[in-house]
Structure formats: structure tokens, C-alpha cells
Number of protein chains: 2
Amino acid sequence: MELPLYLKIVEDIVKDIKSGTLQPGDALPSENALCDAFRASRMTVRKGLAILANEGYIKSIPGKGNFVTTPNIEKYTLFYNEMTNLINSVDKTQLLGVDIIQPTDNLLKSLNITGNKKVIVIKRLFFTDGDPVAYDLKYLVYHKGMPIVEKEIKHETFPGMVSKFASLFTIKKELTISAQLPSAEVKKLLSLHSTVPMLVVEQKFFNAENKPIGIGTTSFRGDYCQLFASSSFSDFS
Amino acid sequence: MELPLYLKIVEDIVKDIKSGTLQPGDALPSENALCDAFRASRMTVRKGLAILANEGYIKSIPGKGNFVTTPNIEKYTLFYNEMTNLINSVDKTQLLGVDIIQPTDNLLKSLNITGNKKVIVIKRLFFTDGDPVAYDLKYLVYHKGMPIVEKEIKHETFPGMVSKFASLFTIKKELTISAQLPSAEVKKLLSLHSTVPMLVVEQKFFNAENKPIGIGTTSFRGDYCQLFASSSFSDFS
DNA sequence: CAGTGGTCTAGACCACGTG
DNA sequence: ACGTGGTCTAGACCACTGA
């Protein structure tokens, strides 16, 4: 063991929490007590506690103490990329069209814009092993100088497109996942003969002022796409 | 402004990153330089930098410096609870059956157990507004003393069941989301006449030794369920 | 070698909560 | 008044990187 002292503190307390010695709601020993117990300075103890708080193990209440939390059992981390989330990644894309349109009323509402703005529409098909497996439709609020070069659009993911004209650090993203039956259009584009359910993922992007800057809808053949998410409690090895 | 100094440092640097003054890959001023710039001690500067690193803005490389990172644009946070993720929450549940069975080969494989263990099977229906909207099937590796009382099982979520005999802090969870057509059985149980796609969420739980302790599959009527996920870059207000 | 970040200390003062 | 956590300082020594 040549772990830094603050990590030893973290490990020790995590062990107590995982074993049940410390239960949710229980108070940890006071910081001064921990200083004595681990023969550490208060800053070192607090560094360890900060990590525990960050990992979601404890919560500090000023004037009272540090308390073991009830873990958030509903939280998962999901990695989504419309090009690689298929069971096999997308190996070919087909650009069906790029247009600049006058937004419809529905779009105006979804994008929360006024009528004098224009919208870029991008329609694509994704292929794996020669089969069309997803239909991808994106709407981006048009600003002058935005790249609408086919080459640049064809293989880009949605965040990739958006990053061309906005800082990724300021963008907020939302996903909506649902199961739907394909529309007649999608059915035709994906050459679906029998009834295949679609996994539909809608991406919505917002700028720093919380205004929508784009909406993307990707309809995956249900038999070609699965999304994975996992709880991420960090480990200390 | 009466923010603590370390948060002012965080805000200042975040502002520079969001505005593009600091680009991904750029090096921040050295910690000593930041001490001078903010008239702060090194521990205070480092506290700010630790937050920035935690939020995913920067990465420290010993001996070299602190560098602005390329944000992970594919990461989302998903909150999932099989009872509340419906467009309207579950307002009634029906327990179809609780059994202790000899696992089938498929189950043995999925749960990674040997044949001498038994498995609890729980089958439920979820209702909203009187309509059956989801079929819920769970397999839990049986251990002596596990609660299989109907009352306790009927309204519990999967994490709720598991927490009865395992510390939530040690559990790893995985979700798999897919779109499927209902089986004949599900179709009958949910009284589905026309073709309705199902949003199927599989939950898999692992104990501290990474061994599966349970699998749950919830099949939601596609027209009654949507999953939401969002990017969570924290704000400093 | 000088400069960088990583760990750690022994103090200090403050605001908060409880008696 | 006292103990709690929250902020902050001015040092120290170490390991790593690059010229």
C-alpha cells in the first residue's frame, strides 16, 4: 500500500459503507476525529471527504456533520452516438437530401423560433453490412455561414455538426427514446416488408441561453439497435 | 459577488472555456501563475482546478500542466424507474405470480450461476388509468431468507427488491433498451389487438464480485412510455 | 536543471446548528 | 459557548517532464 493518505481515508470509509458498518443516514466521525484516527491534517481528511461526497457516498451539512447518503438507484450513464450505437456500427451513410426550408408550424414550436428564421433539413440513411438500418432526420436552425457542404454533413454525428458553430461546452443535450412503428415513408426507405418496430431516438440541442438549436430524430430498426446504460459508481483500485 | 475565491476561479476559467478564449487542448496558466493572478494560495487554486477536472473541463498532467479537455459529447444521464418512467406513472400493479424455479439453461447462462441454485420468478402487470401498459418479468438468484412475500413484492421496483438483501452501494446496474414486437403472451396479457411496438428495458444487477444477482425485463407499450436522458454539465449560479 | 503538478501540514477565521 | 463543517494561507517535500 503506497496510496496517498487521502485515498486510504476514502477506501476505509467506502469499505465501512459497503459492508454496512455505516448505514445511510449515519453520521461519520467529525473531521477532527478523523484527523486523529488517520493521523492526518484536516485538509487531507477533507480532501478524502470531498471525494466521497463527489462519488455520492456522503453529504456534508454545515454545523452538523458528514452523513452517509441513500444512493440514487435510478441514475444511469448512457453513451449515445447515432453512428456507433448499433449492434454493428454504421459502415455506410447515404445523404438523401439537404435543404433550407421555411419551418412549419410544428417546427417553429419545437425549435422555439420566430417565423423569419430558416431551418436546415438533413435526411440520411445509415447502413450496416449493406442493409439500410436507420433513417436519420435532422433540423438545424440556420445561421449565416453554417456549413452545408455535403461532404461535411454526410458522415457527421449530430454533436459533430453542431460543434462546427457552437462551443460544445455550452450545449445542453436531451434524448428521448421511444418505440414506434415505422411510417410508410420510413418503411419504404428502409425496405421493410414485414412489421419491424423502430427504436426512435430524438436528440434536442440547446445553446447557452437554453434556446433550441437543433433537433435530430434517428429511427433504428429495432432488430439492429440496442442502447446500453450503466450505473457508474467509481472504483478505487 | 460574495462567492468563495475558489469558485470565482472556477467561474473565470469556465467563462474562458465557454467563450472559446481557452480551446480544447490549450494549457491553463500554471498553478503558481494562477495563484498570482487570483491572489490566492496554491491550495485554493487547486481546489478550483479539482472542480474543473471533476466537471470534465480540464485534465491535469503531472509535470506538464492543466489542459482543457475535449468534452465527451456522447455522455448522457438517464433516470430510470420502471414504475414512474411511463408518460403517466403506474397507478396499479397486478402480481401474476411468484415462483421459485429450477433455472433453465438460458437463465443459468444469463445469471452465470451453477445448476444447484434456484431462481425466483416474479411476473407483474403495470396499469395506468385502468389500462395494462407494461409486463414486468424478474429473475432473482434465490438465497435463503429472501423476502418473497407478495405484499412486499407487488409494488417494489427492482432496486427496491434487491436492496432488501444487498447493499445498494455495492450493486452495479446495467440497462439494455430495445424496441420489440410483443410476444403472443404479452399481447394477450396487455390486451393488445392491433400491432403495438414495445419498448423493452432489461435491467441486470451485479453484486460486489460482479456476479449477476438478478435480471428484470419490463416491456412497455410503446405508446405509453418514453425514456429521457440529458447531458449534465453542472452550472455555477 | 528549473518548472510542473501531487501530497501534506498546522495553523487561522468564519458561518452554522444545538444546547 | 461549543462543536460542526467551509474557506484560506504559507509554507514544505515529492515525482514527473522537458530542455
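Please read all numbers here as calculations on a predicted model, not as lab measurements. The chains referred to below are lettered A, B, ... by the order of the sequence lines, with proteins before strands, and numbering in each begins at 1.
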>> Would you say B/Thr170 and B/Ser167 are linked by a side-chain donor-acceptor pair, where the criterion is simply a distance under 3.5 Å?
In response: no
>> So that I can tick it off, tell me whether A/Arg42 and A/Glu31 are bridged by a salt bridge, with the cut-off set at under 4.0 angstrom between side-chain N and carboxylate O.
In response: yes
>> Quiz question: by atom type and distance under 3.5 Å, do the side chains of A/Asp136 and A/Thr218 form a donor-acceptor pair?
In response: yes
> Shortest non-hydrogen contact from B/Gly56 to B/Thr69?
Replying inline: O-OG1, 2.6 Å
>> Need two values: the first and the last nucleotide of DNA chain C, 5' to 3', having an atom under 4.0 Å from any heavy-atom of chain B.
In response: C/dG3 to C/dT9
>> Within the 3.5 Å criterion, strictly below it, is a donor on B/Thr157 or B/Asn81 matched to an acceptor on the partner's side chain?
In response: no
>> Quick check on contacts: within residues 41-49 of chain B, what sits under 4.0 Å from DNA chain D by heavy-atom distance?
In response: B/Ser41, B/Arg42, B/Met43, B/Thr44, B/Lys47
> Quick one, which residues of residues 59-68 of chain A touch DNA chain D with a heavy atom under 4.0 Å?
Replying inline: A/Ser60, A/Ile61, A/Pro62, A/Gly63, A/Lys64, A/Gly65, A/Asn66
>> Between B/Lys138 and B/Glu82 (salt bridge meaning N to carboxylate O under 4.0 Å), is one present in this structure?
In response: yes
> Do you know which two heavy atoms are closest between A/Phe158 and A/Gly214, and how far apart they sit?
Replying inline: CZ-C, 3.7 Å
>> So which atom in B/Cys225 and which in B/Leu199 form the shortest heavy-atom distance, rounded to 0.1 Å?
In response: SG-CD2, 3.8 Å
>> For the backbone of A/Leu28 and the side chain of A/Asn66, can you confirm whether one donor and one acceptor N or O come within less than 3.5 Å of each other?
In response: no
>> Looking at every heavy atom in both A/Thr114 and A/Leu108, which two are closest together, and how far apart are they?
In response: O-CD2, 3.7 Å
